[in-house]
Amino acid sequence: MTEPTAHEEVISAVKEGYAFEDEAVQLGVLEADGPVVDAPVRIPVSMFNRHGLVAGATGTGKTVTLQVMAEALSNAGVPVFLADIKGDLSGMATPGAGGEKLLARTSANGQPWEARAFPCEFYALGGQGIGVPLRATVTAFGPILLSKVLGLNEVQESSLGLVFYYADSNGLPLLDLKDLTELLKYLTSDEGKPELKGIGGVSSATAGVILRNLLTLQQQGGDVFFGEPEFDPKELLRTAPDGRGVVSLLELPDLASRPDLFSTFLMWLLADLYQDLPEVGDVERPKLVFFFDEAHLLFNGASDAFLQAITQTVRLIRSKGVGVFFVTQTPKDVPADVLAQLGSRVQHQLRAHTPNAAKALRATVSTYPRSGYDLEQVLQQLGTGEAVVTVMDPDGAPTPVAWTRIWAPESTMGPTDAEALRAGVAQSQLMARYGQAVDRDSAHEMLIRKVEEGARAAEEQARAEAERQEAEARRKESGPTSRSRSTGPSRSRKEPGLVEQVTGSTAFKQFARTAAREIVRSLFGTGRRR
């Protein structure tokens, strides 16, 4: 009997390992010196809430993989959230154009390709771009996430937490950045410094650093992302009338200018979902799959508290029916505690052109299950649109590692026309709820009133003191009041007149005595000799 070749062993293992009966979405087919059409590579729908990673160097096909996953999940009735970094994913709202080259590839891969559009909802942070405006209040964002945006160190982050505590304790709503700015200005003013000391552990210098960073963020336009109406992340859990999951696409224009703000805002969406959704345990179909693109931006320079918050959210949100996929260049971009919780792996080509890159490649290979591949070589040989895949089967066990040819999206691989996007956004039912910014009474207005009231009270006190001092000065200038010398009961007094004031003065009495002596001397011949 002939021994099976290495290719035959891999093909047999993949066919067996991915032949589960549970509902699944297909990523593509096995590559073994050409596509193996009858060896599909799939992910069980129920395993999407066990999280995953899509990694690979720039230009290796990560965006196409995201699009294929999103389409398959939408067809399965699962809502999807995607951050549209380059604007290319907006093409999901437009049917694909086909073309000879595309159809030749889909035919070779055994893909029953059909051009179609998908139900999409478009969002823009603070309304900067084409989409329903997404905003969050400063209070809901919280001190840990805001510290990441402001680039604060751990001491400053702790101090900001105390400032939030002060606002909450004193009934000062922090809705937008000007609320927090006004609060910090107040706490560092002469009037507010005693209260700053009262909350403990916040120095005026630290408050000043936070205030300067806030002003910088405002000058960069970051203030438009904070305010009301605050977006309810549960809006992301919608399905279309035809039963397909709605694909929510968040446009992130000019990501390089404010990377921390964009990535942290995505984390806020995820954390808010975790807080609001009920426990459901393991589900057959996730309520939402959340793709976290450019994930390295989230972890760069993150404090221990921030990393702990991410780790806890990822670990626990699975029981809320939400799956999270991190999308980045290499697995080392994701902290080990987070990476350990990711059940599915789609790894596109890695390059090892430098010693550090070669080290990262070896570290990536070490995280895969044992296979018949020399993964250190295969990961460098992958073509565009190819990936090494391993996922969790319905029993929670890892599937065999499979060199996979990723299927092609059925929607447009590129942006949808801007005018068509604007028309679709204008018709969205969410525009009525979130389209117009609201600026209601909050900490900014309350503190201004408090300062104005304090100024008026100080002005009135100063006026009263001036009047008192003026009256005292008049009293001292006028001298003592003549009093009745009666030994009987005291009688009512009246203010002396001008003559009484003069004749009752000590100087006048001295003058009268001197004049009398001179008159006596002249009359009786007494006094000095002439």
Side-chain angles (χ1 to χ4, degrees), residues 17-29 40-54 63-83 89 91-96 106 109-121 233-249 270 273 277 280-293 317-327 342-346 387 389-396 399 402 404 406-413:
Y18 290 85
F20 26 79
E21 297 180 358
D22 293 45
E23 182 182 15
V25 302
Q26 186 161 343
L27 292 181
V29 296
V41 178
R42 307 183 299 157
I43 304 179
V45 172
S46 61
M47 290 295 108
F48 269 93
N49 76 330
R50 297 295 184 97
H51 313 319
L53 174 74
V54 178
T63 301
V64 170
T65 297
L66 290 187
Q67 196 165 339
V68 169
M69 283 187 174
E71 290 180 355
L73 287 166
S74 177
N75 283 332
V78 178
V80 176
F81 174 87
L82 293 165
L89 292 170
M92 291 190 68
T94 305
T106 58
N109 291 338
Q111 179 181 356
W113 189 89
E114 178 185 350
R116 71 177 76 187
F118 289 80
C120 295
E121 187 78 65
K234 286 186 286 189
E235 304 279 13
L236 305 176
L237 310 180
R238 296 183 297 133
T239 56
D242 62 5
R244 289 185 296 170
V246 171
V247 179
S248 298
L249 292 156
L270 199 59
L273 281 168
L277 293 178
V280 294
D282 290 326
V283 291
E284 293 183 1
R285 180 180 289 116
K287 291 184 176 181
L288 174 71
V289 177
F290 194 104
F291 288 92
F292 218 126
D293 204 358
I317 202 169
R318 178 177 67 83
S319 64
K320 305 292 184 86
V322 177
V324 182
F325 273 68
F326 292 99
V327 185
L342 309 183
S344 298
R345 300 276 298 277
V346 180
V389 176
T390 180
V391 304
M392 278 188 171
D393 68 19
D395 296 326
T399 58
T404 305
I406 304 296
W407 274 6
E410 295 182 317
S411 55
T412 296
M413 289 184 282

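The structure displayed is predicted, hence computed values, not measured ones.
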Enquirer: Calculate, to the nearest 0.5 Å, the distance between atoms CD1 and CD belonging to I406 and Q26 respectively.
Expert: 10.0 Å
Enquirer: What is the distance from atom CG of L288 to atom NZ of K320, rounded to the nearest 0.5 Å?
Expert: 13.5 Å
Enquirer: Please confirm whether the backbone N or O of G343 pairs with a side-chain atom of H51, one donor and one acceptor, at under 3.5 Å?
Expert: no
Enquirer: Nearest heavy-atom pair of V389 and T404: which atoms, and what distance?
Expert: CG2-OG1, 3.5 Å
Enquirer: Which atom pair, heavy atoms only, marks the closest approach of P409 to W113?
Expert: O-NE1, 2.8 Å
Enquirer: Roughly how far apart are K287 NZ and T239 OG1, rounded to 0.5 Å?
Expert: 13.0 Å
Enquirer: Please tell me if the side chains of V322 and P286 come closer than 4.5 Å, counting only heavy atoms from C-beta onward.
Expert: no
Enquirer: If you compare all heavy atoms of A408 against all heavy atoms of Q111, which two are closest, and at what distance to 0.1 Å?
Expert: O-NE2, 2.8 Å
Enquirer: In Å and rounded to the nearest 0.5 Å, what is the CD to CG distance from E235 to L237?
Expert: 9.0 Å
Enquirer: Indicate the ring-plane relationship of F325 and F48, choosing parallel, tilted or perpendicular according to the 30° and 60° boundaries.
Expert: tilted
Enquirer: Which heavy atom of A93 sits nearest a heavy atom of A117, and at what distance?
Expert: O-CB, 3.3 Å
Enquirer: Give the minimum heavy-atom separation between V283 and G321, together with the two atoms involved.
Expert: CG2-CA, 4.3 Å
Enquirer: If every non-hydrogen atom of C120 is compared with every non-hydrogen atom of L249, which pair is closest and at what distance?
Expert: SG-CD1, 4.0 Å
Enquirer: Working to the nearest 0.5 angstrom, can you tell me the gap between R116 CZ and M92 CE?
Expert: 11.0 Å
Enquirer: For a 4.5 angstrom cut-off between non-hydrogen side-chain atoms, does D395 reach F20?
Expert: no
Enquirer: What residue pairs, at least two apart or across chains, pass salt bridge (Lys or Arg N to Asp or Glu O under 4.0 Å) with a residue in residues 41-52?
Expert: R50-D282
Enquirer: Side chains of residues 65-82: which donor-acceptor pairs under 3.5 Å do they make with residues two or more places apart or in other chains?
Expert:
{"from": "T65", "atom 1": "OG1", "to": "G61", "atom 2": "O", "distance (Å)": "3.2"}
{"from": "T65", "atom 1": "OG1", "to": "H348", "atom 2": "NE2", "distance (Å)": "2.7"}
{"from": "Q67", "atom 1": "NE2", "to": "S411", "atom 2": "OG", "distance (Å)": "2.9"}
{"from": "Q67", "atom 1": "NE2", "to": "T412", "atom 2": "O", "distance (Å)": "2.9"}
{"from": "E71", "atom 1": "OE1", "to": "E410", "atom 2": "N", "distance (Å)": "2.8"}
{"from": "E71", "atom 1": "OE2", "to": "E410", "atom 2": "N", "distance (Å)": "3.1"}
{"from": "E71", "atom 1": "OE2", "to": "S411", "atom 2": "N", "distance (Å)": "2.9"}
{"from": "E71", "atom 1": "OE2", "to": "S411", "atom 2": "OG", "distance (Å)": "2.5"}
{"from": "S74", "atom 1": "OG", "to": "G245", "atom 2": "O", "distance (Å)": "2.7"}
{"from": "N75", "atom 1": "ND2", "to": "E71", "atom 2": "O", "distance (Å)": "3.3"}

Enquirer: Taking the side chain as every heavy atom from C-beta outward, state whether P112 and W407 have any pair of such atoms under 4.5 Å apart.
Expert: yes
Enquirer: Looking at CZ of R345 and OG1 of T399, how far apart are the two atoms once the value is rounded to the nearest 0.5 Å?
Expert: 11.5 Å
